[in-house]
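Here's the structure, in structure tokens; my notes come after.
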Amino acid sequence: MFFANSLFLFFSFSCRFLCFLIECDIYWQFRCEIYVFTIFLGKTFGRKEIIYYLCNQNLIFMAFTILSAKRFATTLKATIHKTGRLGFTDDTAKALELKSGKFARFAQDDENGALYLIINNEGSEDAFSVRESSGYFYVSTKVMFDTLGFNYEQGNIMFDLVRQPSLDNDLQGQVYYMKQRPVKNTKEKKNDTIIEP
């Protein structure tokens, strides 16, 4: 193990010197050291043995991301009203940073029919303009929802919007899965109704 220690010190010094030259922080120094040590020495000693050694030397660290309550405090919602418009609650409009001049596109999964809302700053022939009236934001989607067979004339249809960042590049915008809520009875609907201008 003396030979492994010597090699580790050599590679460690080399990596730290390189990171110093390119002004990397300490986190990336350790990442660089571990990468070089496992790649170049793993073939000699075996990857499992190298990882075990690094763990014993306290040189592999676990990474954590704090899930902030602030991030999950607001339920993002959109509603198809009896007019066929897709409207957004005030909290949702703020979270999506909606304003006049932004655009919404929609995508449908070919396999299961799931709907996705895509918000971006650039218009196209596939995009709907985000409109505002007295602080209320909406998209004129009547024809689209008629074509898709949504029976919104019998009552508002609500969706929870679930962020899907993994689809942003493919769909070119901020993507949200439109999870349709179960139909509620008349009394419950009153609490979630968004008043249109």
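Worth saying up front: this structure is predicted, and the values here are computed from it rather than measured. These values consider heavy atoms only, across backbone and side chains, with no hydrogens, waters or symmetry-generated copies.
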To the closest 0.5 Å, what do you measure between [atom1] ([X]) and [atom2] ([Y])?
X	Y	atom1	atom2	answer
T83	N156	OG1	CG	8.5 Å
E97	F137	CD	CZ	11.5 Å
L117	L86	CG	CG	7.0 Å
F145	S140	CZ	OG	11.0 Å

ILVMFWY cluster, [X] and [Y] together (side-chain gap under 4.5 Å):
X	Y	answer
M178	V175	no
I157	F88	yes
I118	Y176	no
L167	F159	no

Worksheet item: Going by an N to O cut-off under 4.0 Å, is there a salt bridge joining D168 and R163?
Response: yes
Fill in: R181 and D160 ion-paired at < 4.0 Å
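Result for this pair is yes, salt bridge flagged.
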Over all atoms of both residues, closest heavy-atom pair of [X] and [Y]:
X	Y	result
V130	A104	CG2-N, 4.2 Å
T141	G84	OG1-O, 2.8 Å
N151	Q154	ND2-CG, 3.0 Å
G173	N120	CA-CB, 4.2 Å

Worksheet item: Are Y116 and Y177 an aromatic pair by the rule of ring centers under 6.0 Å?
Response: yes
Worksheet item: More than 12 heavy atoms of other residues, nucleotides or ligands under 6.0 Å from CG of D110: is that the case?
Response: no
[X] side chain to [Y] backbone, donor-acceptor under 3.5 Å:
X	Y	answer
R105	G123	no
T79	G87	no
S124	D126	yes
S133	Y136	no

Fill in: Derivation of the side-chain contact (heavy atoms from CB on, under 4.5 Å) call for Q180 and F150
CA-CA 11 Å; Q180 185 174 345; F150 284 93; 3.6 Å; yes
Fill in: Side-chain heavy-atom pair H81, Y138 within 4.5 angstrom cut-off
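Counting from C-beta outward, H81 and Y138 never come under 4.5 Å.
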Worksheet item: Under 4.5 Å between any side-chain heavy atoms of K99 and E132, yes or no?
Response: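 Counting from C-beta outward, K99 and E132 never come under 4.5 Å.
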Practice prompt. Could you label the plane-to-plane angle of the F106 and F128 rings as parallel, tilted or perpendicular, counting under 30° as parallel and over 60° as perpendicular?
Written response: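 Perpendicular: the ring planes of F106 and F128 meet at over 60°.
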Worksheet item: Could you walk me through whether L148 and Q108 pass the side-chain contact (heavy atoms from CB on, under 4.5 Å) check?
Response: CA-CA 10 Å; L148 293 175; Q108 187 173 36; 3.7 Å; yes
Fill in: side chain to side chain contact (heavy atoms under 4.5 Å, CB included) partner of L76, chosen from T89, D91, L161
L161
Worksheet item: Does the side-chain contact (heavy atoms from CB on, under 4.5 Å) test come out yes or no for M144 and T147, once each step is laid out?
Response: CA-CA 5 Å; M144 183 185 77; T147 303; 5.8 Å; no
Worksheet item: Run the side-chain contact (heavy atoms from CB on, under 4.5 Å) check on K102 and I119 step by step: do they pass?
Response: CA-CA 7 Å; K102 280 208 168 186; I119 301 295; 4.2 Å; yes
